[in-house]
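Here's the structure we're looking at; comments come further down.
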There are 2 protein chains.
Amino acid sequence: MLSEDTHPRTAPRRRLTPEDRRAAILDAAQVLFFAKGWDAVTVADVLAEARISKGGFYHHFSAKEDLLDGVVSRLAEQAVAAAEASRRQCEGDALTRFNAFLAATNRWKAERATELRFIADMIRRPGNELLLQRIDAAVRRAVVPALEAMIRDGAAEGRFDPPDPKLVAEAIVSLTISRREVLRDAIAAADAGAPEAAAARLGAHIAAETALVDRLLGLPPGSVHYCDPAEFGQMMADMACGHAAY
Amino acid sequence: MLSEDTHPRTAPRRRLTPEDRRAAILDAAQVLFFAKGWDAVTVADVLAEARISKGGFYHHFSAKEDLLDGVVSRLAEQAVAAAEASRRQCEGDALTRFNAFLAATNRWKAERATELRFIADMIRRPGNELLLQRIDAAVRRAVVPALEAMIRDGAAEGRFDPPDPKLVAEAIVSLTISRREVLRDAIAAADAGAPEAAAARLGAHIAAETALVDRLLGLPPGSVHYCDPAEFGQMMADMACGHAAY
DNA sequence: TTAAATACCGACCGTCGGTCTGTAATAGGG
DNA sequence: CCCTATTACAGACCGACGGTCGGTATTTAA
């Protein structure tokens with residue numbers, strides 16, 4: 001009734017399996033989200049990047065927000081799987097395994113320094129609240145149970161003495177999440193021309209953080225040690241060198 | 001050119017001072033946000049509730065998000081002012097004043113149980129991420145410096161022994177913020193018909209939380225005590241009785 | 001008294017998430 | 001191998017909503 005001719009197709013498009021198509025769209029979305037943020041990316045952008053039409057997109061995803069869940073939970077699963085693997089292949093007491101787990105998550109983050117750098121920038125910009133909230137939620141969902149189980153293990157072994165395993169797990173995750181803001185400020189400082197000061201501050205921060213975790217677990221100071229403060233500070237401050245262009 | 005007649009005005013409207021008009025719009029927005037959430041409230045809704053036009057609204061606020069900042073920072077300022085007042089009029093050592101401060105914030109929340117109840121419902125519903133994030137940010141902005149100052153005081157007095165005052169302050173605020181989710185679950189449980197179990201769980205939670213704060217501040221167990229766990233649990237569980245209709 | 005500034009009005013607009021109708025590609029039974 | 005059902009996809013269209021703009025009423029100041 002409305003279309004006289006309905007045949008100006010573009011190309012005879014090769015078809016992917018649903019899973020591959022879904023993954024391809026998620027890949028495109030991930031790149032765009034980390035580059036431009038949540039609000040700034042329209043579904044039209046994702047459509048162009050993934051080279052698919054509106055109809056095709058909404059065939060695989062029910063809404064724009066589905067992209068978030070997909071991207072974020074994929075990342076969180078990868079991170080926790082890596083950390084869990086590292087912990088499992090570690091022989092030693094509960095504390096040693098605990099440190100191995102946290103060290104692995106830090107390593108995972110270090111390997112993704114570029115994305116992290118983008119995230120650190122994004123949290124300053126409005127319109128990304130949803131993205132950040134979903135990242136935090138996914139991290140919590142994935143990490144808290146793992147931590148809680150390890151803490152219970154340690155308590156059963158008689159090494160940890162947490163007032164409440166779940167609450168302690170949540171507190172630890174909260175600490176690592178709010179580290180993001182410290183990192184952001186440090187990156188700003190490093191960009192402003194004081195990289196060594198930023199590195200020192202980050203090192204001091206991670207030292208204080210591990211001291212807090214000692215206390216939360218009822219351990220003597222210096223028990224928890226999943227990274228070298230100086231190294232950590234330097235590594236994070238180095239992130240500021242590679243600049244992001246929007 | 002496009003409007004033949006431009007005179008069908010509605011009413012000769014009394015004019016308010018800019019501050020009063022702004023406050024009136026904020027009042028309307030606050031009611032709506034806590035009743036329906038962020039995404040569900042359109043500026044048109046606010047316009048109707050505040051009985052003002054689009055043009056008038058955008059004369060006082062630059063964007064819908066300005067409403068959030070206004071509403072949220074107003075609330076946070078009120079809360080902290082109340083808590084600070086309570087602390088100042090308290091004679092005693094740093095720990096006593098600390099407890100007075102936290103007790104006052106709890107009392108302030110209890111007085112606003114209705115709004116809190118709405119918030120506890122809202123965090124389940126999508127579209128409120130921005131609202132919640134802003135509330136958290138405002139709470140952090142307002143409370144962390146106050147806590148940090150008190151912790152430094154206590155450390156100077158030789159009573160507290162925090163590894164890092166600012167970090168400890170942030171950890172404490174993180175704990176109180178994440179309490180929201182515990183409260184949400186408890187309310188759900190109470191609504192589902194197990195109010196006494198919910199009260200018990202809330203009591204246990206706040207007990208564990210204060211124990212954590214003891215440790216963070218380097219105090220012996222039982223030092224921090226800003227509410228009675230049983231009372232707190234009961235009070236919060238009671239909130240579930242009054243139901244919210246959307 | 002009058003001109004400038006301020007408060008306010010409401011029609012209009014652009015963008016963007018989401019829908020709908022219809023078509024090409026695949027799967028499967030005969 | 002054809003024919004049909006189903007799935008994957010295309011793209012025009014829509015409605016909602018945040019925000020703008022030209023204009024009008026009210027207040028202030030000179």
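Throughout, protein chains are lettered first and strands after them, A, B, ... in sequence-line order, and every chain is numbered starting at 1.
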Report the distance from atom CZ of A:Arg51 to atom C1' of D:dG11, rounded to the nearest whole Å. 15 Å
Would you say D:dA8 has OP1 or OP2 under 4.0 Å from some side-chain N or O of A:Arg21? no
Candidates D:dA10, D:dT7, C:dC8 - which lies nearest the side chain of A:His59: D:dT7
Under 4.0 Å: is that the gap between some side-chain N or O of B:His60 and OP1 or OP2 of C:dT6? no
Over how many whole Å does the gap from B:Arg22 atom CZ to C:dA7 atom P extend? 12 Å
Are side-chain N/O atoms of B:Arg22 and B:Thr17 paired as donor and acceptor at under 3.5 Å? no
Rounded to whole angstrom units, what separation is found between the CD atom of A:Glu19 and the C1' atom of D:dT7? 13 Å
If you check the B:Ser53 side chain, which of C:dC8, D:dG19, D:dC9 turns out closest? C:dC8
Counting side-chain heavy atoms from CB outward, which of C:dG18, D:dG19, C:dA7 is closest to A:Tyr58? C:dG18
Verify the contact: side-chain N or O of B:Lys54 to OP1 or OP2 of C:dC9, cut-off strictly under 4.0 Å; return yes or no. no
Measure from CD1 on B:Ile25 to C1' on C:dC8 and round the result to the nearest Å. 10 Å
What is the distance from CZ of A:Phe61 to P of C:dT19, rounded to the nearest Å? 15 Å
A:Leu47 CG to C:dT19 P: how many Å, rounded? 14 Å
Taking only Lys NZ, Arg NE, NH1 and NH2, and the carboxylate oxygens of Asp or Glu, determine whether B:Glu170 and B:Arg140 approach each other closer than 4.0 Å. no
Nearest nucleotide by nearest heavy atom, which residue falls closer to the 5' end of DNA chain D, A:Phe57 or B:Gly55? A:Phe57
Integer-rounded Å distance: D:dC17 C1' and B:Asp45 CG: 11 Å
With sequence neighbours left out, what residues match A:Asp185 under side chain to side chain donor-acceptor pair (under 3.5 Å)? none
With a 3.5 Å cut-off and no angle check, do the side chains of B:Asp69 and B:Ser73 form a donor-acceptor pair? no
Show the nearest heavy-atom pair for residues B:Ala63 and B:Tyr58, with the distance to one decimal. CA-CE2, 4.0 Å
Grab the NZ-C1' distance between B:Lys64 and D:dT20 for me, whole Å please. 18 Å
Nearest to the side chain of A:Thr42 - C:dC9, C:dG17, C:dC8? C:dG17
